[in-house]
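Remarks on the structure that follows.
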Amino acid sequence: MAEQPERAAGKASPHESARKHVCGSARYIDDLPVMPGMAHIATGQSPYPHARITHLDLEDVRRYPGVLDVVTQADIPGKVDVAPVFDGDPLLAGEVVEFVGQPVFAVAAVSMEVAQRAVAEARIGYEPLQAQLSIEDALAADAHVLPPHEMRMGDVSTVISAAPQRLNGELYVRGQEHFYLEGQVGQAEPTEDGGIHVIASTQHPTEIQHLVAEVLDIPFNRVVAEVRRMGGGFGGKETQAGPIACMTALFAHRLGRSVRYRMPRRDDMVQTGKRHDFLNRWSVGFDDQGVIHGLDLMLAGKCGYSADLSQGIVDRAMFHADNAYFLNTARIEGLRCRTHTVSNTAFRGFGGPQGMMAIETVIEDIARAIGQDPLDVRKRNLYSPGRDETPYGQTVEQHVLPELVERLEADSDYRGRRAGIGAFNQKHRYLKKGLALTPVKFGISFTVKHLNQAGALLQLYTDGSLMINHGGTEMGQGLFTKVQQVVASEFGVSRDQVMVTSTRTDKIPNTSATAASSGSDLNGMAARDACQRVREALCEFAASEFRVEPEAVRFERGLVVIGEREWTLGEFAELAYTHRVPLFATGFYRTPKIHYNREEGKGRPFFYYANGAAVSEVTVDTATGEYRVERVDILHDVGDSLNPAIDIGQIEGGFVQGMGWLTTEELLWDKQGCVISNSPSNYKIPTAGDVPADFRVSLYDRPNNEETIYLSKAVGEPPLMLAISVWAALRDACAATTRYRFSPRLDTPATPERVYWALRECETFNREGDSGGHG
């Protein structure tokens with residue numbers, strides 16, 4: 001049954017491709033028909049983290065049956081570097097390799113299997129060079145991909161020295177593999193005018209267009225990049241899809257035939273960037289009630305061999321090092337450490353989660369030092385009127401969290417459960433329960449100002465159907481669905497009258513990546529602007545033709561209504577067409593108010609904040625470190641939701657992905673710099689069995705104060721950080737073994753092994769007493 005043509009936005013509607021996903025008819029790149037003569041790609045990779053290539057013999061590769069072409073860096077006709085912002089990412093290595101798995105050459109063959117077998121025939125000589133493989137190595141060598149950055153508020157050292165109590169601490173936060181269901185894949189086909197049509201699994205079609213054009217040394221207008229959908233992205237297809245597309249385009253250009261490159265999962269896990277590891281160190285001064293007086297914090301990100309997006313990622317870690325808490329006096333330093341490992345990249349949260357982990361650890365340590373519930377310390381430090389300036393100079397204008405936290409505390413029966421957990425822990429020797437409520441305040445906007453813009457193209461046809469194209473990409477998050485709802489709402493029609501088409505650079509140019517949780521904010525507003533332009537043209541026509549005021553024309557119930565007269569949208573569009581009224585328009589939106597002076601470390605980088613809080617309860621076996629997440633309660637702020645069903649799905653999915661990052665997903669390298677967590681057998685993402693048995697998600701019903709699309713708020717990234725409550729609950733369970741007098745160090749992911757060693761640290765504390773250090 002078709003949905004009623006009332007305002008579509010705000011309704012809990014299914015994903016626009018949900019039926020196709022379930023039935024298997026949604027087409028991803030590797031589902032597309034294989035064109036006759038299509039070539040397939042494999043790459044030869046470096047076995048060393050840092051080495052000089054002494055000789056390169058590929059003759060046996062070229063002679064291998066079924067091989068069509070072989071390329072090295074010297075065969076690239078245009079720009080070799082495919083870095084997104086700062087130079088340093090060659091499509092193929094030149095004289096030096098800088099991480100294990102770096103592509104040295106590429107092969108095109110009649111099948112992927114033939115290409116992979118041919119790669120093994122290469123004979124390459126290497127001279128190993130000194131390699132930095134860890135953040136500690138990089139700090140010792142003073143090796144950075146970009147200069148340090150600092151935000152400062154007040155005289156930090158003086159304030160900390162004068163504070164009634166002080167603590168120091170350190171936490172290591174490991175990265176995360178994106179593990180999208182659809183791996184990195186791309187396809188290219190030469191066009192008749194010497195150009196290239198690229199079908200990419202990417203969050204950034206315009207970047208693909210630019211990189212392909214630069215690699216081939218042709219104008220941008222000769223390249224069309226297209227994306228219908230991705231099977232997941234999570235940031236891993238913002239920049240990492242670029243080399244895939246460029247490789248397919250290079251071979252398509254050379255061979256004059258279609259080329260596809262589907263990277264095998266193991267290659268994907270070795271060759272593409274991940275979430276950054278972070279080493280966080282701090283010194284904090286506070287009073288006897290746990291209110292922070294001053295914080296000195298170092299955030300050191302493991303960037304890999306090149307900058308990629310590390311400037312913005314470490315910046316955002318710094319922007320979110322306060323999370324929800326007012327830091328009266330603070331110094332926050334961000335370091336971008338250079339290592340001979342794969343270059344790390346965007347991942348849902350974009351550095352924000354790693355920054356939040358630092359301050360949440362500080363809060364926990366303070367609470368244990370003064371012997372109080374961490375929730376009480378959190379509440380005393382929350383931003384509130386008069387205590388609302390961030391370390392980077394932005395004022396928190398919408399104080400959502402105090403009320404949101406109070407409501408969740410009551411709805412989840414936090415205090416009653418805390419008492420029950422205390423009784424449980426006294427009764428059980430080997431099982432301990434933990435409970436934690438943690439808040440999230442996440443800034444919404446690209447922190448690079450010019451990226452906060454979007455375009456859309458709307459077409460109204462004479463049968464009343466509408467087609468909308470915009471610059472955002474669909475990776476399963478429901479962006480196309482929400483834009484479809486916006487267009488349907490603007491014309492008062494049902495969603496099934498609106499078609500959202502593939503993102504293409506020949507329809508909407510100069511797009512920003514679908515990232516920073518801004519997809520609906522930017523593209524929804526651009527689509528609305530296009531709708532309003534077409535509506536204005538129709539209203540002006542009606543005013544002239546029927547001698548009424550333009551405001552008298554209404555679009556509702558699938559009809560165009562003027563006084564007592566009614567037309568279907570198709571009938572009115574046909575009438576307007578015969579009077580030569582344009583039935584198409586482009587729309588544009590740019591986010592207002594935002595600015596940031598990086599030299600001063602001050603500004604307003606975010607249009608608004610999305611907020612939320614989660615309560616997690618865990619049970620830990622103190623003999624083994626094994627645990628279960630028993631129950632999770634979430635209250636999350638999405639403003640006036642564009643689609644409650646999709647938003648709740650995003651909250652649930654983001655939380656579980658964050659829980660995986662903080663508990664089971666362990667990225668590891670061996671001493672030779674080789675990724676050893678390189679397959680599903682040794683890298684453990686959450687499964688259905690890991691989802692909390694009792695999982696309660698509610699939306700905080702309060703419109704956005706800022707003029708966003710229908711006063712909604714972004715929902716892509718913020719929920720991931722709600723999972724910090726699981727880590728905090730595990731730490732709480734460990735602390736229970738010391739009668740909450742001590743917080744053990746619990747680096748992430750908090751695997752059962754790490755929980756086990758945290759419990760042993762608690763045992764040591766119980767034997768030896770408080771030696772003065774927490775965390």
Side-chain angles (χ1 to χ4, degrees), residues 29-30 32-49 51-78 80 82 90-128 183-190 196 198-199 212 215-216 241-272 342 674-675 678-679:
I29 293 174
D30 212 35
L32 299 177
V34 175
M35 303 296 289
M38 177 176 277
H40 301 265
I41 298 174
T43 58
Q45 304 164 26
S46 165
Y48 294 95
R52 182 172 288 106
I53 297 175
T54 57
H55 70 271
L56 181 61
D57 183 355
L58 303 179
E59 287 309 307
D60 288 347
V61 180
R62 298 180 198 278
R63 286 195 291 263
Y64 194 88
V67 167
L68 303 170
D69 197 9
V70 179
V71 296
T72 65
Q73 188 184 97
D75 298 307
I76 298 171
V80 169
V82 294
L91 181 59
L92 294 167
E95 296 178 357
V96 175
V97 292
E98 299 198 81
F99 70 94
V100 173
Q102 183 170 12
V104 176
F105 67 96
V107 174
V110 294
S111 71
M112 185 173 71
E113 292 75 15
V114 169
Q116 289 175 314
R117 288 197 296 269
V119 159
E121 300 298 314
R123 291 193 292 270
I124 309 175
Y126 295 94
E127 177 192 340
Q184 296 284 357
V185 60
Q187 182 170 310
E189 183 177 3
I196 293 287
V198 179
I199 305 174
V212 166
V215 164
L216 299 183
I244 304 294
C246 289
M247 205 74 80
T248 61
L250 177 59
F251 279 117
H253 187 71
R254 287 168 61 90
L255 295 171
R257 66 172 77 189
S258 297
V259 177
R260 184 177 297 175
Y261 184 10
R262 177 173 63 79
M263 188 177 271
R265 179 68 68 176
R266 185 169 297 237
D267 285 359
D268 195 334
M269 296 184 74
V270 169
Q271 289 189 278
T272 64
V342 65
C674 183
V675 178
N678 59 4
S679 73

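No hydrogens, no waters, no symmetry mates; every other heavy atom, side chains included, goes into these values.
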Write down the atom of [X], the atom of [Y], and the distance for their closest heavy-atom approach.
X: Q116; Y: P264; answer: NE2-CG, 3.0 Å
X: V198; Y: A249; answer: CG2-CB, 4.5 Å
X: A122; Y: V61; answer: N-CG2, 3.4 Å
X: P190; Y: G256; answer: CG-C, 3.6 Å
X: I196; Y: A188; answer: CG2-CB, 4.0 Å
X: G101; Y: V270; answer: CA-CG1, 3.8 Å

* Tell me, please, which residues at least two apart from E127 pass salt bridge (Lys or Arg N to Asp or Glu O under 4.0 Å). =>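 With neighbours one apart ignored, the set is R52.
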* Sequence neighbours excluded, which residues qualify as salt bridge (Lys or Arg N to Asp or Glu O under 4.0 Å) partners of R266? ->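 By the salt bridge (Lys or Arg N to Asp or Glu O under 4.0 Å) rule, R266 matches no residue at all.
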According to side-chain hydrogen bond (donor to acceptor under 3.5 Å, both in side chains), who are the partners of [X], at least two apart in sequence or on a separate chain?
X: D268; result: Y180, T272
X: Q102; result: none
X: D57; result: R123

* For Y64, all residues meeting ring pair (Phe, Tyr, Trp, His ring centres under 6.0 Å), sequence neighbours excluded ->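 Testing Y64 for ring pair (Phe, Tyr, Trp, His ring centres under 6.0 Å), a comparison that skips the adjacent residues, returns none.
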Under the side-chain contact (heavy atoms from CB on, under 4.5 Å) test, which residues partner [X], sequence neighbours left out?
X: P103; value: T43, L92, F99, Q271
X: A51; value: Y48, V97, Y126
X: A39; value: L68, A108, L255, R257, V259
X: V80; value: Q73, I76, P90

* Student check: side-chain heavy atoms of Q187 and M38 closer than 4.5 Å ->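 SC-SC contact between Q187 and M38 confirmed.
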* Using a 4.5 Å cut-off on heavy atoms from C-beta on, say whether the side chain of R260 contacts that of V34. => yes
* To do: Before giving the answer on side chain to side chain contact (heavy atoms under 4.5 Å, CB included), spell out for V119 and Q45 the whole-Å C-alpha distance, their side-chain angles and the decisive distance to 0.1 Å.
  => CA-CA 9 Å; V119 159; Q45 304 164 26; over 6 Å; no
* To do: Please collect all salt bridge (Lys or Arg N to Asp or Glu O under 4.0 Å) contacts where either partner lies in residues 99-118, sequence neighbours excluded, each pair once.
  => none
* Asked: Can you list every salt bridge (Lys or Arg N to Asp or Glu O under 4.0 Å) pair that touches residues 66-75, not counting sequence neighbours?
  ->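 Pairs touching residues 66-75 that pass the test: D69-R254.
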With rounding to the nearest 0.5 Å, note down the distance linking [atom1] in [X] to [atom2] in [Y].
X: M247; Y: I41; atom1: CE; atom2: CD1; answer: 6.5 Å
X: S111; Y: H40; atom1: OG; atom2: NE2; answer: 7.0 Å
X: I124; Y: S46; atom1: CD1; atom2: OG; answer: 8.5 Å
X: T248; Y: Y261; atom1: OG1; atom2: OH; answer: 10.0 Å
X: S679; Y: M269; atom1: OG; atom2: CE; answer: 6.5 Å

* To do: Show your working on side chain to side chain contact (heavy atoms under 4.5 Å, CB included) between H253 and L250 and close with a plain yes or no.
  => CA-CA 5 Å; H253 187 71; L250 177 59; 5.6 Å; no
* **For V67, the option from V110, L58, V107 that meets side-chain contact (heavy atoms from CB on, under 4.5 Å)** =>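 Filter result, single survivor: V107.
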